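Right, one structure below, let's go through it.
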2 protein chains.
Amino acid sequence: MRNAEFDREKVLRAAMKAFMHKGYANTSMQELKKATGLHPGSIYCAFENKRGLLLAALEQYRVDRATEFDQFFANSHLALLNLKSYLDNVVVECISCDSAQACLLTKALNEIAEQDSEIQQIISDNLSLLQQSLAEKFEQAKAERSISADKDCHHLARYFLMGIYGLRTFAHTHPEAKVLEQLAEQLYHDVSQ
Amino acid sequence: MRNAEFDREKVLRAAMKAFMHKGYANTSMQELKKATGLHPGSIYCAFENKRGLLLAALEQYRVDRATEFDQFFANSHLALLNLKSYLDNVVVECISCDSAQACLLTKALNEIAEQDSEIQQIISDNLSLLQQSLAEKFEQAKAERSISADKDCHHLARYFLMGIYGLRTFAHTHPEAKVLEQLAEQLYHDVSQ
DNA sequence: CTCTATCTTGAATGTCCATTCAAGATATCT
DNA sequence: AGATATCTTGAATGGACATTCAAGATAGAG
């Protein structure tokens, strides 16, 4: 006869941020308590355990990213131009945010996927979904005659995603706007002709 | 009046492997003991502490990789062909090794660099060095007229390295030989014109 | 062969962590 | 207003961890 007081989405985004910043193993419950405002007991009540919190955060991340993705393609521009905007946004994120702001998925993939096949699967599925969404946009670009008809859109999507992964890692060591923009420009050039 | 009994290089390569496999935080001293054959006391005597072991392993990794790199370019082929071999080898590594066999540098970069600026610096320097070495090979390729004279070799090196980073991350989720080979092929095409 | 400096061993230490749980608080229902 | 189901709190727990250290082993010097 009483509802939870905390805002689940806010808590998950805070946890997300903490995990992205310090990694899973290095984020203690004490830090999660500070980040989320939830006491240990509440976290365990709501998410079973620390791993459960990560799983929930990953799911929230998926939802947030999917929404963000759709917004990039919700306007009336050509799909190829929207892909460019999407890529430019990755660069902006790389520059503006603290260096670890990579991506919860790749971060978790590096840290824990090897030791937890369920999380490995979830992350792989999420990234495959993103790849699939990108492929659809390339298909649209093809239909709009922005890219040549003989291109393999799935291949383009994979290459584009590979570039984004690389860009993020590169940004860790060289967070200089000019360089990252130049790399993104080249990547865009290579997938669009 | 007595020399250490263990082989420093062997120990460091074993530690490297353990760190690459499970990450730094998740590799306990107990596991390091098993992996290296050294008892805790010996590890502390030789490397100060766990972090010291990581630093030494990173240095060994740098040396090993530099040697490996030079071997790829020690033959008489054109530099551009050697770059292709180097890239193909990255793909082979991605396929053959256990999925986490990424690269100690990027692995550590993701996990700990944010919280340890000294390690961050060491890793960044190492990767910059690799980038510089790649740029030199592209310069050589230019001198050999394998690539056009108006190319920016430093840009090519950065893009090539970005692609390698991306390839490794991509391999975590899609370790299929055909796909990775295709991506590498495209990357090679894009840097060689 | 003896001595000693150095290495090796692994149990002991203290810290930190994820997790639990019982007491206290409070919203909702009757 | 009273009852009760549910949430919140935070101290307590047990385990795992990095690190230490003193005892034991051994290679080399004399």
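All values derive from a computational prediction rather than experimental measurement. Each chain gets a letter, A, B and so on, in the order the sequences are listed, and its residues count up from 1.
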Item checked: Any side-chain donor near an acceptor of the partner, B/H21 and B/T27, under 3.5 Å -> no
Check: Between the axis at one end of the helix from C/dC1-D/dG30 to C/dT30-D/dA1 and the axis at the other (five pairs apiece), what's the angle to 10 degrees?
Finding: 0°
Item checked: Main-chain N/O of A/L81 paired with A/S85 side-chain donor or acceptor, under 3.5 Å -> yes
Note to self: In whole Å, I'd like the distance from the NZ atom of A/K33 to the P atom of D/dG10.
What the structure shows: 6 Å
Check: How many Å lie between CG on B/D7 and P on C/dC7, as a whole number?
Finding: 16 Å
Next item on the list: With sequence neighbours excluded, tell me which residues meet salt bridge (Lys or Arg N to Asp or Glu O under 4.0 Å) with B/D125.
Entry: none
Check: Along nucleotides 14-21 of chain C, 5' to 3', which nucleotides get a B, which get an S, and which get a -, given that the test is a protein heavy-atom distance under 4.0 Å?
Finding: ---SSBBB
Next item on the list: Kindly check if the number of other-residue, nucleotide or ligand heavy atoms within 6.0 Å of CD (B/E144) is above 12?
Entry: yes
Item checked: salt_bridge(B/E93, B/R65) N-O dist < 4.0 Å -> yes
Checklist line | Lys NZ or Arg CZ of B/K50 over B/Y24 ring: under 6.0 Å, within 45° | finding: yes
Notebook entry, point to check: For the side chain to side chain contact (heavy atoms under 4.5 Å, CB included) test, which of B/T106, B/L109, B/V90, B/L105 pairs with B/Y165?
Noted result: B/T106
Notebook entry, point to check: So, the side chain of A/Q131 versus the backbone of A/L161: is there a donor-acceptor pair under 3.5 Å, distance only?
Noted result: no
Note to self: Rounded to whole Å, how long is the line connecting atom CG of B/L32 with atom C1' of D/dT19?
What the structure shows: 13 Å
Next item on the list: Give the rounded distance in Å between these two atoms: CG of A/L38 and C1' of D/dT9.
Entry: 11 Å
Margin query: Counting only side-chain nitrogens and oxygens, does A/H39 get under 4.0 Å of the OP1 or OP2 atom of D/dG10?
Written below: yes
